[in-house]
Structure formats: C-alpha cells, structure tokens
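So you know, we letter chains A, B, ... as the sequences are listed, proteins then strands, and number each from 1.
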There are 2 protein chains.
Amino acid sequence: MKATIYDIAREAGVSIATVSQVINGKGKISEKRRAEIMEIMERLHYQPSAIAAALTGKQTYTLGLLVPDISNPYFAELARAVEDRSRKLGYSVVICSTDNKDERVERYLNLLQQKRVDGMMIGTGIDNADILAPLLQQSIPVALIARQMPTLSVHTVAIDDRLGGALAAQHLLELGHTHLAVLSEPFKVSSSQERIRGFREQLQQAGHTLAPERIRASSADLHAAKQEVLQLLSDIERPTGLFCCNDIQAIGALQAAKELGLRVPEDVSIIGFDNTILASVTSPPLTTIAQPIEELGRHAVDILIEELKDHNKQPQQKVLKPELVIRESTGPRVER
Amino acid sequence: MKATIYDIAREAGVSIATVSQVINGKGKISEKRRAEIMEIMERLHYQPSAIAAALTGKQTYTLGLLVPDISNPYFAELARAVEDRSRKLGYSVVICSTDNKDERVERYLNLLQQKRVDGMMIGTGIDNADILAPLLQQSIPVALIARQMPTLSVHTVAIDDRLGGALAAQHLLELGHTHLAVLSEPFKVSSSQERIRGFREQLQQAGHTLAPERIRASSADLHAAKQEVLQLLSDIERPTGLFCCNDIQAIGALQAAKELGLRVPEDVSIIGFDNTILASVTSPPLTTIAQPIEELGRHAVDILIEELKDHNKQPQQKVLKPELVIRESTGPRVER
DNA sequence: TTGAAAGCGATACCAC
DNA sequence: GTGGTATCGCTTTCAA
C-alpha cells in the first residue's frame, strides 16, 4: 500500500542505497538517474519514513513543549512563537499541557523521550527539580522558558521579572500613586516573587513602602482574582494603584472595580503583566508589562537546536527585557 | 549510553523477546521473571523506543492537529480539548498553525505523514480540497473539525452554524431589535455563510429582512473589524442590533461603539460567536453563541481513534448544537 | 515459558 | 557512480 524505498528502487531498477542518496541529496548520482528517481517518487506519492530514518540515528526533527495550559492565551502565544521558529528550522512540535502537575510533567517527559524528540522546552512549573535529572543524564537538550530552576544547570530563556516589577512601580509612582497594592500568583511561583521584589524595591527607592497586607495572592483564575481584589478595594484605605502579576488577574481586578462602582483609572489605576491579547480587548484596555513572548519562544528553539548541532558545552542563560505598555487602565492620581 | 531492550535482556539473562513481552504485558511470563525484568528496566531508566516499535507496525500514538493559528483563543481552547482527550487515550498531539495557507497545510500534511501520525484533525480552512486526497488514498484517518468539504467523504465534527445564526437573530428579535446588521468573516468561510443564512432565515420568519448592505465582511483581525463597524454604526439608519461571526469581531464592534460614544447595549446590542475566554473579559461582557469547543475536540479524537481500532467503514458526521449565552452586551431596544 | 530469527524502512560504509 | 549489506530497537511468529 504505502510506497517504501524498496518500491522506488525496484521501479527505478537501482539499489535502495542509490535512492537514499537522492532523497538526502548526498553522494554522487548522475543527473539522469536522479531525475528519473525523483520522478518515480513523485508518481508514487512516496514519503520517506521519518521513523525509519530516526531509528538509524538521524534526528526526529520533533521538539516537545510543556506548558501548564495551552488554552491560556499567554502560553498559546508562546506556543505559536515556538512553533513558527521550529517550522522555519524544519522541526515540528508536540505540545503538552501539564496543569502544573508534576505527575503529568513526568509522564509527558517519559512519553516524549520514548518518541525520541530531539529536545524539550519547559514552560511549566515543576515543584521537584529532580524529575528533570533523567533527561540531563541522557543529555537530551532541555530549555526552560520563563522558569527558574536554580539547582539545575540547563539552558534558560527568561525575562527580567524584577525589572518588570520595577517598571510597574515606576509608572504608578510617576502618576502620583503612593497607596499601592499587589495581586500575586501563588507564592511558590518564583516569577511572581521576582516581580514583586522589583516592584517593592522601586517603591523603597522612592521612599515608600508596601505593607505585607497589601500583597494578596490568588490563582490565575479570573474569578478568584476578582474576589481578592474585591477585598483589597473595600479597604477604608483603598489603594489607588494596583499591580497584578498577570493579565488575567488584572482583568479580575477590572471587574472587581466595576462591581464596586469604582472607575478605572480615575478611582484605581490597574496594571497587568504579560501583554497577551487579553490586555487589548478589555475596557478600558489594560496598561501592562509586556513580555517579549515571540522572542522568548524563538530563543528557546534556537538554543535547543544550536545544542543539537554542536553539542554545546555551557548552558546558556538568556534574559530578555520586559517593557511597559501604557493603555488606559492607569491614570494620574486624583485627590479625593 | 541509552539503554535498549538488549541491555535489559543481557542484564536479566533472558532474550529480548521475553523483555518485549513484559513491556507489552503479553504472552506468558513467570511472575518471577517479570518482576525481575521490571526491576531492571526501572533501575536502568529504560524507556522503550516508540520509534522502533512504530517501525515494526505498531501505531505511533501521535495525532496531528492543523489549525490556522494556535494563538487564537478559539483554536487554543480547541487544542486543549483535543490534547486532553488524546492524552486520556494514550496519544500525544502535534499542533500545526497554517495561517490558512494551502501551501502550509500541504507541507504539514506531508510532514505528519512522514512521521507516521496515526490520524489527523483538520480545523483549518482549505481552499483546494484535492490536497487531502493523498491522505484518504493512503487511508490515513482524517477528521475535519468545524469545516465543511462537501466534495470529500471524511469524518466531520461540526456545529450547527445555521442554528447558531438563528439563535442570535431570535435573541435580538426578542429584545425588540429590528434594525439589524451583520459582521461576517471573509465570504469564502463557509461557517460564516451558514451563520448568516440562519440569521437571515430567522428574521424572515419574523417578517423582517436584512439588506445586503447591512452585511459587512472583515478579517478576524480586531482592528479591521473595528473599522468596518465604525462605518456600519455611522449610518444615519444606525442598526440597534449587530451580529458578529466571532468574538474577536464582536470586540472590534464593542470598541467601535465606544469610540463613537455609543453605549452598549443601550444604543447598540452586540452579539458574538464562539464564546471563547475573550467573551467573558470584555466590558460589557459579551453575549455570544457558544460553541461546544470541548465536545468538538473530544469527538474528533474519538472518531479518529475509533477508526484506528476497527477500520471504520462509513465517514461519520457529527453535528453539535451551539447555545446562546446571554451576558451584558445585548439588551432591550430603547426608543430614541 | 522462553528463545531464535525474520522483518519494519531507512542510513552509511565499503567495495566494485 | 552505484550496489551490497550491516545496523538501528523493537515486535512477532514459530519452535523448542
């Protein structure tokens, strides 16, 4: 049914070795034969088996990408960037949603290993760094995206979260806000911690402080975020500026403000993080700290493939800079 | 370096056949041997090569999913549904963004064939149905998701777009709107055509008509949609109800209305389609026709895998029902 | 219960 | 230039 290299060889009256040569453009084959064989491959709709090729030691030209949830716009955009770059370089990508569960991560890691992917990109949280050990031991290239695993020496592409937090603080300060609050992701998320650190440092530099009770945590869930913010904004000492560690949370904040009859930005300025498509569709559109998502994905792929090419020595660490994107959810402080 | 079945066999002092048996839980192996071998596999971090297995005729347990753009929330949510179901059944999925370009579709189709995916799900537009022919010829299971290819007999999972359009019209009519307009995707998109047909039919049943100039088309791009709607709403005979063929366009409409100083829903009621996460984050939140995205993905996977199991005869056609989700972007008509 | 051996579809080295 | 053949890691009869 399916044509194999043998079928082509027989049809052309040559050996499979010769056919293999023309498939891979290697060796010396007379122009005539080459054309002949190509024609036959075409005619028989021949597709060389990547699987058989991989078995002989060739790469699979497949990369794995682990994210918590591909339906989350941030990871969807990241996936797109990764896929685009991969395709351009001749690779395809298997995307896996882990829901941040170590058990799932581990299962996927094994699965991808069995399928002999050439490398893996990890954009999902991992509680126990040990589960990556087997990979490294087998020297399968791994790149972490926007995640830190200080105990491991692996390739890393990340953004400067601390700077991001600082930018947010700076923006709010410049608008005259000094009563500030923060909505964080769960505390174990290191990137959130860094963002908050940067935010707080910037405040301190300006002579302000951030009381611990002004920092609340919630899951990335819209509704949960809204509930937290509802409380934050009901405080008598209502903050006039709120920094959220991702766009979804910022949207929850927007909704909370609305529910309380507060105007954004006149009553509260709200600033998000990520700059996913969500930030541009809210009303008012969200001021946010933009992650260079496309670059993040592109570099991860490049690093991986580079390692595949010349069995890299040193783990690379790339840190990209976030940027402030001003839309309409932040404005100058208004005296009350 | 990497342990193979031979390493395990040698270590256990048995033949590779025996090891293979225990890997696959087949044949009759003494409990003692089985336990012994398992222990050794564990100890050596042995991962059987799925590639070698596939070469012997086993499935690859990999499915392909083609969508126009994985960063679009609708497709991201679909991908998540597909992935979830696939994982549950032991498959992983390769996701490919085609940007609706036939050339890309074709390249991916070939690529996935070479990698011997067990089946493909196609959620991307295809202009020339012929490029699917080779697949069907090779009897590779294919399922179209929310796409129609009338000329081909393939599995199809879709929603009743016409009903969706009708639901939208009905809702608007019930609110008292009779001055209506429609924002469509480009006219070659068949699902949009069906939605509009259903919309129009419902109007006609109620004794109203929809003038051709009240139907505008734009790409799925937020900004393009906004521009179209800006024109629609600037008409002296401004419509009080607007049906958009997807949520992104509806958001463009929301923004256009805002820019014109029109209130939603008091001045214009706007209704979208898809019910992606976007619909819930806008302000006001979007009334929209919900696609059962999760079911769509799940059925596509199920159909494919069912065919893999018992080499199905008849192409299946599954049509799911959309539902009206009322939020706050639609309201009763207000006399002016 | 276990093992020997024939593929699966390609690659690559070595002859000719 | 071209062909013969061992090999990759596993599955699967068929014998023993």
Exercise. Any side-chain donor-acceptor pair under 3.5 Å between Asp84(A) and Ser97(B)?
Worked result: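 Their side chains do not contain a donor-acceptor pair, so the 3.5 Å distance test is not met.
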For this session: State whether a side-chain donor-acceptor pair under 3.5 Å links Lys58(B) with Asn24(B).
Result: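 Checked: Lys58(B)/Asn24(B) side chains pair up, N/O donor to acceptor below 3.5 Å.
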Round to a whole Å and report the spacing from [atom1] of [X] to [atom2] of [N].
{"X": "Lys28(A)", "N": "dC14(C)", "atom1": "NZ", "atom2": "P", "answer": "18 Å"}
{"X": "Leu55(A)", "N": "dC8(C)", "atom1": "CG", "atom2": "P", "answer": "14 Å"}
{"X": "Lys2(B)", "N": "dC8(D)", "atom1": "NZ", "atom2": "P", "answer": "15 Å"}
{"X": "Ile51(B)", "N": "dT11(C)", "atom1": "CD1", "atom2": "P", "answer": "13 Å"}
{"X": "Ile37(A)", "N": "dG3(D)", "atom1": "CD1", "atom2": "C1'", "answer": "12 Å"}
{"X": "Arg34(A)", "N": "dT2(D)", "atom1": "CZ", "atom2": "C1'", "answer": "13 Å"}
{"X": "Gln21(A)", "N": "dC13(C)", "atom1": "CD", "atom2": "P", "answer": "11 Å"}
{"X": "Asp7(A)", "N": "dA10(C)", "atom1": "CG", "atom2": "C1'", "answer": "13 Å"}

Exercise. What is the bend of the helix from dT1(C)-dA16(D) to dC16(C)-dG1(D) when you compare the axis at one end with the axis at the other, using five pairs each and rounding to 10°?
Worked result: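 If I round to tens, the end axes sit 40° apart.
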For this session: Check Leu63(A), Ile305(A), Thr62(A), Leu65(A) against Ser86(A) for a side chain to side chain contact (heavy atoms under 4.5 Å, CB included) and give me the one that passes.
Result: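 Of all the options given, the one that passes is Leu63(A).
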Exercise. What residue among Leu152(A), Leu304(A), Ile122(A) forms side chain to side chain contact (heavy atoms under 4.5 Å, CB included) with Val142(A)?
Worked result: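 Looking at Leu152(A), Leu304(A), Ile122(A), the match for Val142(A) under the side chain to side chain contact (heavy atoms under 4.5 Å, CB included) is Ile122(A).
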For this session: Give a yes or no on this: more than 12 heavy atoms of other residues, nucleotides or ligands lie within 6.0 Å of atom CE of Met38(B).
Result: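 No, not enclosed.
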Exercise. Is Gln148(A) atom CD crowded by more than 12 heavy atoms from other residues, nucleotides or ligands, each under 6.0 Å away?
Worked result: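 Counting neighbours around CD of Gln148(A), 12 or fewer heavy atoms of other residues, nucleotides or ligands fall under 6.0 Å, so no.
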If you compare every side-chain N and O of [X] against the phosphate oxygens of [N] (OP1, OP2), does one of them come in below 4.0 Å?
{"X": "Lys26(B)", "N": "dT12(D)", "value": "yes"}
{"X": "Ser15(A)", "N": "dT2(D)", "value": "no"}
{"X": "Ser20(A)", "N": "dT11(C)", "value": "yes"}

Exercise. Who are the ring-ring contact (aromatic ring centres under 6.0 Å, His included) partners of Tyr61(A), not counting sequence neighbours?
Worked result: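 Partners of Tyr61(A) by the ring-ring contact (aromatic ring centres under 6.0 Å, His included) criterion, ordered by chain and then number, come out as Tyr91(A).
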What nucleotide, of [options], holds the atom closest to the side chain of [X]?
{"X": "Ile5(B)", "options": "dT11(D), dG3(D), dG9(C)", "value": "dT11(D)"}
{"X": "Pro48(B)", "options": "dT2(C), dC10(D), dA10(C)", "value": "dC10(D)"}
{"X": "Ala17(A)", "options": "dT2(D), dC8(C), dA12(C)", "value": "dA12(C)"}
{"X": "Arg33(A)", "options": "dG3(D), dA10(C), dT12(D)", "value": "dG3(D)"}

For this session: Kindly indicate whether the side chain of Tyr6(B) and the base of dC10(D) share any N or O donor-acceptor pair separated by less than 3.5 Å?
Result: yes
Exercise. Which residue lies toward the 5' end of DNA chain C, Thr56(A) or Ile29(B), if each is placed at its nearest nucleotide?
Worked result: Ile29(B)
Exercise. Just checking Ser49(B): base, sugar-phosphate only, or nothing, at a heavy-atom cut-off of under 4.0 Å?
Worked result: sugar-phosphate
Exercise. Looking across every strand, which nucleic acid part, if any, lies under 4.0 Å from Val14(A) by heavy atom: base, sugar-phosphate, or nothing?
Worked result: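 Sugar-phosphate, backbone atoms only, no base.
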Problem set entry | Closest-nucleotide 5' rank along DNA chain D - winner of Ser30(A) and Ile16(A) | Ser30(A)
Exercise. Less than 4.0 Å between a side-chain N and a carboxylate O, is that true for Asp127(A) and Lys188(A)?
Worked result: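 Answer for the salt bridge query: yes.
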